[in-house]
Amino acid sequence: MTSTLSVFADSPARHLVCRGCGATFELAAQHACYECFGPLEVGYDAEALAKVTREQIEAGPKNIWRYAALLPVGTDPATRVTLDPGFTPLVKADVLGAELGFTAPLWVKDDSANPTHSFKDRVVSVALTAAKALGFTRFSCASTGNLANSVAAHAARAGVPSTVFIPSDLEPGKVLMTAVYGGDVVAIEGSYDEVNRLCSELTETDEFENTAFVNVNVRPFYAEGSKTLGYEVAEQLGWRIPAQVVIPMASGELLTKVDKAFTELVEIGLVPPTEWKVFGAQSAGCNPIATALHKGTDEIVPVKPTGIAKSLNIGDPAAGLYALESVRRTGGWMEYVDDDEIRAGIQLLARTTGVFAETAGGVTTAVLKKLVETGKLDPAAETVVFNTGDGLKTLDAVADRVGFTHRVKPSLKSAREAGLLG
Ligand SMILES: *Cc1c(COP(=O)(O)O)cnc(C)c1O
Ligand SMILES: [Zn+2]
């Protein structure tokens, strides 16, 4: 696979840089450092970023590509592989805030409003735009559900074949919403971590040489897409960074990239300098990053995930160490909640904001509640909670907790008997 560097020429991206040892490599389909095997991320030309203005962004389209000048790809619309995700609602959550005792504004960033109903459309658009430019002819991923959904949809729009890999025990809603786009859906009889390992091995085979696995061989580009969530929140608040953010963690990548976005915005001068605290949310069934934080160690011990928050069930989180670093540096915290708390979290969010979240949003909402109750998160400081996925994909989570409040025949008599008239 030879790299087509021209697509990067008009972007501010300059190289891939090792998060471990700092070694740099040219922008290409490479995800691990040749020196220390550490993960790579995209490094930018600081001067190119510094030229970006609020006016330039505000004149852009109402989707992630308004931030193209801060991304490694996509400055030329003709090169994009995208469903044009982003610019999702930032919902003022006054009722939820009052219930949890907030005196400062509380917001929900609702990324269920993306084209395939999760934040993954952001990362997939950036990864596949890079993948196409790099010459890949098939799109793929190792997924906990939402990623497969998004890759299959992007491939359909682009007219490129796709083959996605998922654990065979995913929620039926996620499997269906992936399969309907017509690509190949491969169910692996194993955990996400086993799916991911298999995909890494497949990238080494001749048969998959021309296949871009968005979160494996083009992962540095994939990860950058998450920054747009941070940019959007700041822009939607009138170019300000909120004091506290609460973010669900699977690999931990999203959390680190929202923090990276805020850091860039301050460095570029697009927002006033400020401090913020990053909080991470996991489920009790898969809490390796939060456990390391609680133990005060950098050693993240992989777990075998269980529980209903399947989209977050990564037992060996690739960006866990960097998520720990973000949370420690900013003075935030991490918590985890069990399946009953997750179900209650979905209902709490829906009942107080009108946002119906999937299990990941239930995790985040329940963790928000726990962080306030334990005094870790300050209800007197402005806070943004991230809902990253849609409840319609995980209906089973709450199916036996909600239903009709009354059942009546179509007559006043029956309505009265049911107590509807007092
Ligand atoms: C993938 C996913 C996440 C977390 O992503 P990471 O970047 O791997 O931490 C959060 N919420 C939902 C709904 C997801 O699908
Ligand atoms: Zn390295």
Side-chain angles (χ1 to χ4, degrees), residues 15-25 30-41 43 109-112 114 116-124 127 141-151 166 170-171 173-174 177-178 192-193 196 214-215 219-220 222-227 229-230 246-260 278 280-283 286 288-290 305 308-324 326-327 334 342 346 357-365 367 385-394 397:
H15 48 236
L16 298 176
V17 54
C18 176
R19 283 165 126 174
C21 74
T24 59
F25 305 89
Q30 182 189 342
H31 65 291
C33 176
Y34 295 147
E35 309 287 334
C36 75
F37 303 107
L40 302 183
E41 71 174 338
K109 177 62 170 167
D110 185 16
D111 245 20
S112 70
N114 277 315
T116 74
H117 307 272
S118 84
F119 99 93
K120 290 298 199 300
D121 290 331
R122 299 172 183 274
V123 287
V124 170
C141 64
S143 175
T144 57
N146 287 315
L147 189 60
N149 203 168
S150 183
V151 167
I166 55 176
L170 284 191
E171 302 93 339
K174 287 207 178 126
M177 286 192 65
T178 301
Y192 167 82
D193 298 280
N196 190 48
V214 295
N215 54 341
R219 187 172 178 93
Y222 160 95
E224 290 303 288
S226 291
K227 290 195 306 180
L229 253 175
V246 187
I247 303 173
M249 300 187 295
S251 70
E253 199 75 75
L254 170 63
L255 181 145
T256 70
K257 293 305 189 228
V258 169
D259 183 44
K260 183 179 181 182
V278 179
Q282 292 199 296
S283 75
C286 183
I289 315 176
I308 62 170
K310 291 180 193 269
S311 57
L312 303 181
N313 277 353
I314 298 185
D316 189 3
L321 204 56
Y322 308 102
L324 284 174
S326 284
V327 167
M334 296 177 184
I342 295 167
I346 293 173
E358 71 144 85
T359 46
V363 167
T364 312
T365 306
V367 163
V385 183
F386 290 71
N387 174 41
T388 46
D390 193 324
L392 290 174
K393 294 194 204 185
T394 61

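One-based numbering, in listed order, for ligands and for the atoms of each.
When each of N146, T359, T116, T178 is tested with K393 by the rule side-chain hydrogen bond (donor to acceptor under 3.5 Å, both in side chains), just one qualifies, namely N146.
Considering backbone and side-chain atoms alike, N146 places an N or O below 3.5 Å from some N or O of ligand 1. Distances between N or O atoms of A360 and those of ligand 1 include no value under 3.5 Å.
Remark: minimum distance from atom 12 (C) of ligand 1 to any protein heavy atom is reached at T388 OG1, 3.3 Å. In terms of protein heavy atoms, atom 6 (P) of ligand 1 is closest to S251 OG, 3.4 Å. Looking at atom 7 (O) of ligand 1, its nearest protein heavy atom turns out to be L254 N, 2.9 Å. When hydrogens are left out, the protein atom nearest atom 1 (C) of ligand 1 is K120 NZ, 1.3 Å; that is the closest non-hydrogen contact.
Heavy atoms of G252 approach ligand 1 to within less than 4.0 angstrom.
Set against the non-hydrogen atoms of F119, the atoms of ligand 1 under 4.0 Å away are 1 (C), 2 (C), 3 (C), 4 (C), 5 (O), 10 (C), 14 (C). Atoms of ligand 1 found under 4.0 Å from any heavy atom of E253 (numbered from 1 in listed order, with element): 6 (P), 7 (O), 9 (O).
The closest non-hydrogen atom to atom 10 (C) of ligand 1, taken over N387, T364, I289, L312, comes from L312.
Proximity of E358 to ligand 1, defined as any heavy-atom pair under 4.0 Å, is confined to the side chain (atoms from C-beta onward).
Here C21 contributes SG and C33 contributes SG, and at the Zn ion (ligand 2) these two atoms make an angle of 110°, given to 10°.
In this structure a side-chain-to-backbone donor-acceptor pair under 3.5 Å is missing from Q30 to F25. Checked by atom type and distance alone, the side chain of N215 pairs as donor or acceptor with a backbone atom of A142 at under 3.5 Å. In this structure, S118 contributes its side chain and N114 its backbone to no donor-acceptor pair below 3.5 Å. Side chain of E358 to backbone of A360: a donor-acceptor contact under 3.5 angstrom is found.
Ion pair R122/E253 not flagged as a salt bridge, since none of the NZ, NE, NH1 or NH2 atoms sits closer than 4.0 Å to an Asp/Glu carboxylate oxygen.
For the atom pair OH of Y322 and NZ of K257, the computed distance is 9.5 Å after rounding to the nearest 0.5 Å.
Closest approach of P317 and S251 over heavy atoms only: CB-O, 3.6 Å.
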